Peer 1: 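Questions regarding the structure given below will be posed in turn.
Here is how names work: the chains are called A, B, and so on, in the same order as the sequence lines, proteins then strands, and each is numbered from 1. The shown structure was predicted, so the numbers you read here are calculated from the model rather than taken from an experiment.
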There are 2 protein chains.
Amino acid sequence: MSIRHAILGLLANGPRHGYDLRATYQDDLVRAGKLNIGQVYTTLDRLERDGFVEHERVVGAEGRDKKVYALTAHGRAELDRWIAGPSPMPLDLRNEVFLKIAIARRIEGVDPQDVIERERRACFERLHEVTQARARAQGVAVEDELLLDLAVLRLKAFLKWLDHCEEKLS
Amino acid sequence: MSIRHAILGLLANGPRHGYDLRATYQDDLVRAGKLNIGQVYTTLDRLERDGFVEHERVVGAEGRDKKVYALTAHGRAELDRWIAGPSPMPLDLRNEVFLKIAIARRIEGVDPQDVIERERRACFERLHEVTQARARAQGVAVEDELLLDLAVLRLKAFLKWLDHCEEKLS
DNA sequence: GGTGCCATGTAACGCGTTACATGATTAT
DNA sequence: ATAATCATGTAACGCGTTACATGGCACC
């Protein structure tokens with residue numbers, strides 16, 4: 001549901017067309033993120049179908065055809081509702097590492113402690129990468145920093161959890 | 001990709017049929033988790049198509065028809081490869097709360113600090129719920145505890161991040 | 001006779017990804 | 001000329017969810 005709301009959010013500051021929405025998303029909203037252009041168009045179709053946006057065909061000064069989308073009142077209400085409400089924090093019952101450990105415990109000849117150790121190594125490496133990226137982002141853009149700070153906190157929490165798993169399963 | 005591997009993992013201890021796989025998943029592997037039975041069958045179809053499993057029609061003692069699936073050598077190799085390799089730890093570039101904050105900053109009349117405050121409250125409540133569930137799980141099953149411990153660590157990390165956001169965006 | 005569990009599926013939809021196709025304009 | 005960018009789409013596939021459909025068996 002995130003891309004729908006991201007697009008609604010970008011439209012809150014005025015009408016835009018699909019290609020422009022993608023550029024704004026990638027260059028301004030989530031600088032490290034990629035947004036598939038095909039998905040933008042299908043998402044806009046669905047938003048229009050649901051009455052959140054409406055479009056107008058505009059022939060630009062250059063002669064290019066554009067479909068310029070604008071928020072409807074309904075769309076603005078949905079955006080406000082989304083921003084005002086809390087985001088779900090699900091339990092992550094399908095966590096891949098958890099599943100891997102649980103399965104490893106059930107198979108003969110596989111040591112779950114080895115799995116934990118390998119995941120820990122990979123997690124450390126990842127933390128290192130992200131920390132370097134964080135250093136490079138320092139002072140460039142606040143939001144880039146925030147996203148990387150979140151990743152760092154998550155990875156540290158995960159490492160703590162892996163230690164915890166090792167203890168409890170020994 | 002998690003369900004595919006979970007099913008391969010459950011088949012490592014011997015052949016099973018779809019309905020049984022789902023029951024084992026829910027009652028043994030991820031006790032808090034639900035697995036849609038339709039998805040089990042479509043996943044088994046795909047695993048078979050890819051050569052990871054093969055099935056045999058078995059008429060049970062009661063007269064019920066069962067399709068009993070077994071790992072192929074290829075499937076076992078894939079399972080081992082999955083267990084041995086690290087799990088991806090992506091950056092979560094589409095994190096809903098991050099998007100919400102970023103969008104809130106770009107819309108007039110919306111205060112991102114309010115968004116952060118609301119998310120924090122929701123996060124606290126969630127932490128409280130999960131902590132209670134954790135207490136109930138204590139001593140029942142180690143893996144139930146681990147999953148909830150992970151959730152607790154994640155929520156705490158997220159709360160820390162929200163505090164961090166509040167500072168940096170003020 | 002009905003309810004519930006065992007057992008298998010299909011269909012429709014949403015969201016996401018990759019790849020392909022089509023044109024116009026702009027810059028080199 | 002031709003490559004890049006602007007601009008719009010479609011098609012195919014994977015994975016996930018909900019809902020629907022079918023039938024046998026067991027128990028009350």
Peer 1: Angle between ring planes, W161(A) versus F98(A), binned at 30° and 60°: parallel, tilted or perpendicular?
Peer 2: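 Correct class here is tilted.
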Peer 1: Could you go through residues 6-20 of chain A and list every donor-acceptor pair under 3.5 Å that involves a side-chain atom there, pairing it with any protein atom two or more places apart or in another chain?
Peer 2:
from, atom 1, to, atom 2, distance (Å)
N13(A), ND2, R106(B), O, 2.8
R16(A), NH1, D20(A), OD2, 2.8
R16(A), NH1, T24(A), OG1, 3.3

Peer 1: Rounded to the Å, how far apart are D45(B) CG and dT8(C) P?
Peer 2: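 Atom-to-atom, D45(B) to dT8(C), this comes out as 11 Å.
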Peer 1: Keeping the roles fixed (side chain from D50(B), backbone from F52(B)), state whether a donor-acceptor pair exists under 3.5 Å.
Peer 2: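 The answer is no, because no donor-acceptor pair under 3.5 Å joins these two groups.
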Peer 1: Is a side-chain N or O of R118(B) found less than 3.5 angstrom from the main chain of P86(A), in a donor-acceptor match?
Peer 2: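 Between the backbone of P86(A) and the side chain of R118(B) there is no qualifying donor-acceptor contact (under 3.5 Å).
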Peer 1: Take the protein atom CG of D27(A) and the nucleotide atom C1' of dT5(D), then report the distance between them rounded to whole Å.
Peer 2: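 Nearest whole value for this atom pair: 13 Å.
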Peer 1: I37(A) CD1 to dC20(C) C1': how many Å, rounded?
Peer 2: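 Rounding to the nearest Å, CD1 of I37(A) and C1' of dC20(C) are 15 Å apart.
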Peer 1: I need the NE2-P distance between H17(A) and dA7(D), as an integer number of Å.
Peer 2: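 Whole-Å distance recorded here is 4 Å.
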Peer 1: So, R121(A) and E117(A), do they make that salt bridge, N to O below 4.0 Å?
Peer 2: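 So R121(A) pairs with E117(A) through a salt bridge.
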Peer 1: Hey, is the side chain of Y41(B) poking within less than 4.0 Å of OP1 or OP2 on dT8(C), counting only N and O atoms?
Peer 2: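 The answer is yes; a side-chain N or O of Y41(B) sits under 4.0 Å from OP1 or OP2.
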Peer 1: Between Q132(B) and R136(B), is there a side-chain donor-acceptor contact under 3.5 Å, judged purely by atom types and distance?
Peer 2: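 Note: R136(B) and Q132(B) side chains miss the donor-acceptor criterion.
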Peer 1: Answer yes or no: is there an ion pair linking R4(B) with E78(B), defined by an N-O contact shorter than 4.0 Å?
Peer 2: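 Salt bridge absent between R4(B) and E78(B).
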Peer 1: With no hydrogens and no angle check, is any side-chain donor or acceptor of E145(B) less than 3.5 Å from a backbone partner on G139(B)?
Peer 2: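 Checked: pair present.
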Peer 1: Short of 4.0 Å, heavy atom to strand atom, which residues of residues 68-85 of chain A count as contacting DNA chain C?
Peer 2: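 Here the set is empty: none.
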Peer 1: Send over the distance from H55(B) NE2 to dA7(C) P, rounded to a whole Å.
Peer 2: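 After rounding, the reported distance stands at 16 Å.
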Peer 1: K66(A) side chain N/O closer than 4.0 Å to the phosphate oxygens (OP1, OP2) of dA7(D)?
Peer 2: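 Yes, K66(A) has a side-chain N/O under 4.0 Å of OP1/OP2 on dA7(D).
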Peer 1: With under 30° as parallel and over 60° as perpendicular, where do the rings of W82(B) and H5(B) fit, or are they tilted in between?
Peer 2: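 Answer is parallel, since the angle falls under 30°.
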Peer 1: Looking at dC6(C), I'd like to know if its phosphate oxygens (OP1 or OP2) sit under 4.0 Å from a side-chain N or O belonging to Y19(B).
Peer 2: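 Answer yes for this pair, as a side-chain N or O of Y19(B) is under 4.0 Å from OP1 or OP2.
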Peer 1: Could you list all N or O pairs between the protein and nucleotides 12-19 of chain D that sit under 3.5 Å apart?
Peer 2:
from, atom 1, to, atom 2, distance (Å)
dG14(D), OP1, R49(B), NH1, 3.1
dG14(D), OP1, R49(B), NH2, 3.3
dG14(D), OP2, R49(B), NH1, 3.3
dG16(D), OP2, Q39(B), NE2, 2.4
dG16(D), O5', Q39(B), NE2, 3.1
dT17(D), OP2, Q39(B), OE1, 2.7

